[in-house]
Amino acid sequence: MTENTQHQNSSVPEPELPKTYAPAEVEGPLYERWVDRGYFAADAKSEKSPYTVVIPPPNVTGSLHLGHAFEHTLIDALTRRKRMQGYETLWQPGMDHAGIATQNVVERELAKEGKSRHDLGREAFVERVWQWKGESGGQISGQMRRLGDGVDWERERFTMDEGLSQAVKTLFKKLYDDELIYRAERIINWCPRCLTAISDIEVEYQDDDGELVSLKYGDGDETVVVATTRAETMLGDTAIAVHPDDERYKHLVGKLIKLPLTDRSIPVVADEHVDPEFGTGCVKVTPAHDPNDFEIGQRHNLPNIAVMDEHAVITAHGPFQGLDRLEARSAIVAALRAEGRIVAEKRPYTHSVGHCSRCKTTIEPRLSMQWWVKVGPLAKAAGDAVRDGQVKIHPQEMEKRYFDWVDNLHDWCISRQLWWGHRIPVWYGPNGEVVCVGPDDEEPTGEGWTQDSDVLDTWFSSGLWPFSTLGWPEQTESLEKFYPNSVLVTGYDILFFWVARMMMFGLYAMDGTPPFHTIVLHGMVRDQFGKKMSKSFGNAVNPLDWMDKYGSDALRFTLARGANPGVDVPIGEDWVQGSRNFANKIWNATRFALMNGATVEGELPPAERLSATDRWILSRLNSVVAEVDAYYEDYQFAKLSDALFHFAWDEVFDWYVELTKTTFQEGGQAAEDTKRVLGEVLDVTLKLLHPVVPFVTETLWTTLTGNESLVIAEWPKDSTFRDEAAEREIETLQQVITEVRRFRSDQGLQPGQKVPARLTLDGTALAPHEAAIRQLLRLQPEGEGFAATATLPVSGATVALDLSGTIDVAAERKRLAKDLAAAEKEITAANAKLTNEAFLAKAPDHVVDKIRGRLTKAEADIERIKGQLDALPAA
RNA sequence: GGGCGCGUAGCUCAGGGGUAGAGCGUCGCCCUUACAAGGCGAAUGUCGGCGGUUCGAAACCGUCCGCGCCCACCA
């Protein structure tokens with residue numbers, strides 16, 4: 001880009017900044033400029049130390065919600081700071097194909113046209129999904145640009161793209177060859193609507209009302225009563241189970257019992273699984289439709305009789321054939337009742353029922369041939385990496401959850417009966433051959449060979465994300481440079497789905513190197529009342545709406561400021577407004593500085609020459625640099641944002657800027673020095689703020705310094721300059737001003753009203769600040785006929801005001817009396833402590849000193865207040 | 001049934017053995033030459049209840065009450 005076009009495209013206003021910050025005009029062009037200049041591109045050949053964060057890939061099917069905006073703000077802040085610190089920084093972007101979710105969305109689209117995916121056929125359907133992905137994915141990257149996400153767009157990846165598909169095949173093959181992937185027939189969680197198996201964590205349990213009925217099985221002397229909430233499965237019962245030690249039923253074990261409504265008889269078996277205390281102590285066993293029953297069946301060699309098809313419709317011959325599971329349930333209960341076999345009913349009976357996390361349909365446990373990952377060794381390694389301290393989880397409380405999960409994990413069902421996803425790379429031959437095809441292998445051709453029709457769980461490919469995005473299995477420069485990732489930032493809600501899987505696959509595929517060293521788990525975004533955001537509840541917000549209204553910086557700052565570790569983040573529009581106000585405040589403070597000749601040119605003046613005011617703000621500035629750094633290292637986004645907010649607004653923009661006005665008016669060397677200090681303070685403050693509010697700071701900083709961009713500016717270092725004396729001096733100054741302001745306000749004086757005053761500051765720390773005090777308090781020279789009607793002693797100095805007899809003595813007495821009482825109470829409390837020997841003996845010195853200091857201050861306050869009372873004219 | 005966490009100002013939340021904090025909201029005065037998206041000033045809490053430890057508890061311990069989340073093969 002030439003100088004000329006750069007200037008034309010520049011959205012950065014010339015030094016004449018408008019009165020109000022208008023984010024909409026600035027943000028878009030700024031972002032594109034950052035990208036065009038390649039600031040976010042990560043160079044694998046760089047000599048710099050790497051800093052890598054992968055985006056938790058959003059589902060390609062959606063658009064970003066506030067939760068994404070939150071997560072991206074945190075990642076962007078982290079990576080922007082590291083970039084400024086001189087790291088070769090990669091924020092890896094991309095999206096997830098989100099198998100079942102995306103397939104469902106596209107199927108719904110098709111349904112609107114009155115079609116099903118079967119009308120299109122597999123190939124055409126998948127083509128259709130790709131088409132959908134094109135549209136939807138564009139929306140997401142558009143939102144990310146609006147947010148200001150500093151990702152390396154050149155490296156954008158998609159879990160279904162060619163390279164990542166190769167990675168998936170490679171890992172599958174490796175796991176298969178290591179016998180960590182196998183195929184087996186088991187009870188799986190089946191969604192009768194999505195028509196696929198899903199894994200254990202894709203099942204959401206909730207308490208549903210059901211009906212517990214007790215059924216009498218058998219005839220004559222040999223009867224048992226079993227309780228069930230799923231009467232329809234009785235058609236598939238193949239045993240009755242009792243506890244081996246249950247005396248009541250010992251005589252029945254091994255006997256056959258007549259199964260009602262059928263012509264079958266089923267054995268009574270003894271199994272430890274049965275709880276003799278529950279119900280009658282007898283359990284009906286339906287191995288084909290219940291995971292526990294399946295286990296019992298395995299132990300006792302029971303047959304599996306499936307009585308339902310994939311739609312959960314009864315297939316068993318007889319009167320119930322063709323009914324779905326709920327219809328069948330009531331029909332069967334009715335039929336049993338007619339036979340007098342219902343001995344008890346309990347309704348409603350609340351029990352936990354599994355639902356498909358995608359469509360909320362009740363899960364049907366189903367016996368089915370599926371592919372599994374044997375998680376034992378993988379999960380062990382994933383747990384150990386955290387136990388060893390190789391990988392740290394923030395906040396630490398989350399480690400417990402992590403361990404509970406990885407230490408008690410069942411094998412992972414990875415096959416899905418879907419069309420959208422990575423097809424399982426296994427081929428079956430005409431003579432029963434099974435061949436797992438690796439990425440470099442030829443696919444078998446010829447008569448009778450077919451590929452497995454299932455696809456992989458979407459989390460299989462996202463489990464490879466930290467290295468597949470870097471080119472694995474190829475040994476690329478990027479992989480070498482940017483693996484392992486530095487930190488993972490994601491929500492605690494996908495700790496198991498995603499984080500644990502990345503840990504397992506990363507450690508396995510990358511020879512024991514964990515995918516990242518730190519896991520930062522953030523909370524969920526909620527509305528301003530702490531309620532979960534959801535479309536159906538009507539409180540969901542499109543981040544674009546708020547960005548349009550208040551600017552991206554405002555949204556980002558609000559989110560960052562709410563980011564306490566691992567805790568949910570409430571957000572309301574009012575709060576975003578508040579952050580917009582902050583951005584505008586930054587804008588105007590910088591505008592003031594520019595109008596008054598603040599500069600970053602040249603060395604800072606030597607401390608000896610600077611006023612206490614300048615030394616104070618520089619001292620505070622350095623403290624804040626140190627504070628912000630410490631918070632970043634601990635991922636305390638709320639703390640660092642809050643610290644910056646208060647430092648910038650309260651200390652710099654209010655006190656310091658106000659104090660510089662007097663200096664600038666007076667001119668001379670002091671004013672020149674202050675211009676430089678003000679420039680310095682803004683320079684550093686804008687840098688500190690930039691990772692969180694990149695747009696407004698970039699605009700202002702480039703104007704202030706004339707430099708190219710804050711994105712590539714150097715992160716501030718604590719120069720270690722501190723001046724506690726100056727800090728105390730300015731504190732005293734603030735006290736005086738606040739005290740007199742309060743008096744003025746209590747007296748009903750208008751803020752602008754000038755009051756004649758006599759200041760007695762000699763011998764106090766306030767002596768050099770007379771001009772500032774007069775300016776900030778609107779105090780006139782005493783002039784002719786000055787008569788002090790109120791004298792305020794503060795910190796050894798006095799401020800005498802001539803209110804020309806208009807003083808409200810009663811109001812002032814009342815207020816002073818209140819203050820006096822408070823101070824006396826303080827003295828009593830402090831004295832009680834200081835005469836308490838146990839306290840003096842045991843309390844640490846700094847606490848005792850603090851109490852002494854408090855006593856001294858209270859005594860001084862009393863003196864001051866008494867002085868003020870004495871100075872009041874009689875009523 | 002296990003585990004984790006929370007109850008602090010009207011709302012949302014920090015804090016965490018040594019004088020109760022922030023943002024927003026509220027009240028009063030003011031368009032003071034950076035900013036009314038602003039300035040200045042003010043009010044507001046038995047820190048869920050009860051016990052205990054301690055010189056000192058909102059903070060630590062116990063217990064109770066209320067709330068949230070995670071895990072679990074209670075038929």
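- Near RNA chain B, defined here as any heavy-atom distance below 4.0 Å, the residues from residues 553-562 of chain A are A:Arg561, listed numerically.
- If you check B:G23, B:A14, B:U32 against the side chain of A:Arg778, the one that comes closest is B:U32.
- A donor-acceptor pair shorter than 3.5 Å cannot be found between the side chains of A:Tyr21 and A:Asn588.
- Between A:Tyr21 atom OH and B:C35 atom P the separation is 18 Å, expressed in whole Å.
- When the C1' atom is compared between B:C64 and B:G45, the two are found 23 Å apart, to the nearest whole Å.
- Out of B:A34, B:G18, B:A36, the shortest distance to the side chain of A:Met595 is found at B:A34.
- Base pairing of B:G66 is made with B:C6, judged by Watson-Crick or G-U wobble geometry with both donor-acceptor distances under 3.5 Å.
- Nucleic acid contact for A:Asn564: sugar-phosphate only, since backbone atoms but no base atoms lie under 4.0 Å from a heavy atom of the residue.
- A:His646 comes within 4.0 angstrom of sugar-phosphate atoms only, judged by non-hydrogen atoms across all strands, and of no base.
- B:G51: Watson-Crick or G-U partner is B:C61, with both key distances under 3.5 Å.
- Between A:Leu521 atom CG and B:C69 atom P there is a gap of 18 Å when expressed in whole angstrom units.
- Contacts of A:Phe653 with the nucleic acid, taken as non-hydrogen atoms under 4.0 Å apart, include base atoms.
- Spacing between atom CD of A:Glu573 and atom P of B:C24 amounts to 15 Å, rounded to whole angstrom units.
- Using the six-membered ring where Trp is involved, A:Trp649 and A:Phe582 have ring planes that are parallel, under 30° apart on the 30 and 60° scheme.
- Between the P atom of B:G68 and the CG atom of A:Asp207 lies a distance of 13 Å, rounded to the nearest Å.
- In this model, the phosphate group of B:U19 is not approached by any side-chain N or O of A:Lys857 to a distance below 4.0 Å at OP1 or OP2.
- In this structure B:A22 sits in a base pair with B:U12, meeting the Watson-Crick or G-U test at under 3.5 Å.
- A sub-4.0 Å separation between OP1 or OP2 of B:G39 and a side-chain N or O of A:Trp655 is absent.
- Between the side chain of A:Gln636 and the base of B:A14 there is no donor-acceptor pair of N/O atoms closer than 3.5 Å.
- For the pair A:Asn581 and B:G38, the criterion of a side-chain N or O lying under 4.0 Å from OP1 or OP2 is met.
- Proximity of A:Lys532 to the phosphate of B:C69: no side-chain N or O atom is located under 4.0 Å from OP1 or OP2.
- Between the A:Arg744 side chain and the A:Leu777 main chain, a donor and an acceptor come within less than 3.5 Å of each other.
- Judged by atom type and distance alone, A:Lys842 does not reach the base of B:C55 through any side-chain donor-acceptor pair under 3.5 Å.
- Using a 4.0 Å heavy-atom criterion, one finds that A:Asp568 contacts no nucleic acid atom at all.
- Aromatic pair A:His355/A:Tyr205: ring centres not closer than 6.0 Å.
- Across all strands, A:Glu658 comes closer than 4.0 Å to base atoms (heavy-atom distances).
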Full working for side-chain contact (heavy atoms from CB on, under 4.5 Å) between A:Leu820 and A:Ile862: CA-CA 6 Å; A:Leu820 192 63; A:Ile862 286 190; 4.1 Å; yes
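- Base pairing annotation: B:A37 forms no Watson-Crick or G-U wobble pair, as no partner gives both donor-acceptor distances under 3.5 Å.
- In this structure, CD of A:Glu204 is placed 13 Å from C1' of B:C69, rounded to the nearest angstrom.
- Distances shorter than 4.0 Å separate some side-chain N or O of A:Lys639 from OP1 or OP2 on B:G15.
- The six-membered or imidazole ring of A:Tyr550 lies away from that of A:Trp546, with a centre-to-centre distance of 6.0 Å or more.
- Picking from B:C35, B:C40, B:A75 the nucleotide with the shortest atom distance to the side chain of A:Arg741 gives B:C40.
- Here the nucleotide nearest the side chain of A:Pro751, chosen from B:C29, B:C40, B:A75, is B:C29.
- Pair assignment for B:G1 gives B:C71, based on Watson-Crick or G-U wobble hydrogen-bonding distances that are each under 3.5 Å.
- Proximity note for A:Asp574 (side chain, C-beta onward) versus B:G3, B:C24, B:C55: the nearest is B:C24.
- Closest contact between the side chain of A:His351 and the listed nucleotides B:A75, B:C70, B:A34 involves B:A75.
- One interatomic measurement links the two molecules: CZ of A:Arg742 to P of B:C30, which rounds to 21 Å at whole-angstrom precision.
- Counting only heavy atoms from C-beta on, A:Phe278 has its side chain closest to B:A75 among B:A75, B:C55, B:A22.
- Taking the side chain of A:Pro844 as heavy atoms from C-beta on, and the options B:A75, B:G39, B:G18, the nearest nucleotide is B:G18.
- Within the structure, every side-chain polar atom (N or O) of A:Arg401 is placed at least 4.0 Å from both OP1 and OP2 of B:C70.
- Contact annotation: A:Gln750 reaches the phosphate of B:C30 (side-chain N/O to OP1 or OP2, under 4.0 Å).
- Spacing between B:C27 and B:U32 at atom P, rounded to whole Å, works out to 22 Å.
- With 3.5 Å as the limit, one finds a donor-acceptor pair spanning the side chains of A:Tyr492 and A:Asp568.
- Here the side chain of A:Thr20 is nearest to one of B:A37, B:U12, B:A75, namely B:A37.
- For A:Pro570, the listed nucleotide lying nearest its side chain is B:U12; candidates were B:U12, B:C35, B:G39.
- Atom P of nucleotide B:C35 and atom OH of A:Tyr656 are separated by 19 Å, given to the nearest angstrom.
- B:U46: no Watson-Crick or G-U partner with both key distances under 3.5 Å is found in any strand.
- In this structure, the CH2 atom of A:Trp405 is 21 Å from the P atom of B:C69, given to the nearest Å.
- Side-chain N/O atoms of A:Lys818 include one lying less than 4.0 angstrom from OP1 or OP2 on B:A43.
- For A:Tyr349, a side-chain nitrogen or oxygen approaches OP1 or OP2 of B:A75 to under 4.0 Å.
- For A:Lys400 and B:C70, the shortest distance from a side-chain N or O to OP1 or OP2 is not below 4.0 Å.
- Not one N or O on the side chain of A:Asp634 forms a donor-acceptor pair closer than 3.5 Å with the backbone of A:Gln636.
- Residues A:Trp405 and A:Ile201 are in side-chain contact: their nearest non-hydrogen atoms beyond the backbone lie under 4.5 Å apart.
- Nucleic acid contact for A:Lys585: base, since at least one base atom lies under 4.0 Å from a heavy atom of the residue.
- For the residue pair A:Thr660/A:Lys675, the side-chain donor-acceptor check at 3.5 Å is not satisfied.
- Taking a cutoff of 4.0 Å between a charged side-chain nitrogen and a carboxylate oxygen, A:Asp404 and A:Lys400 qualify as a salt bridge.
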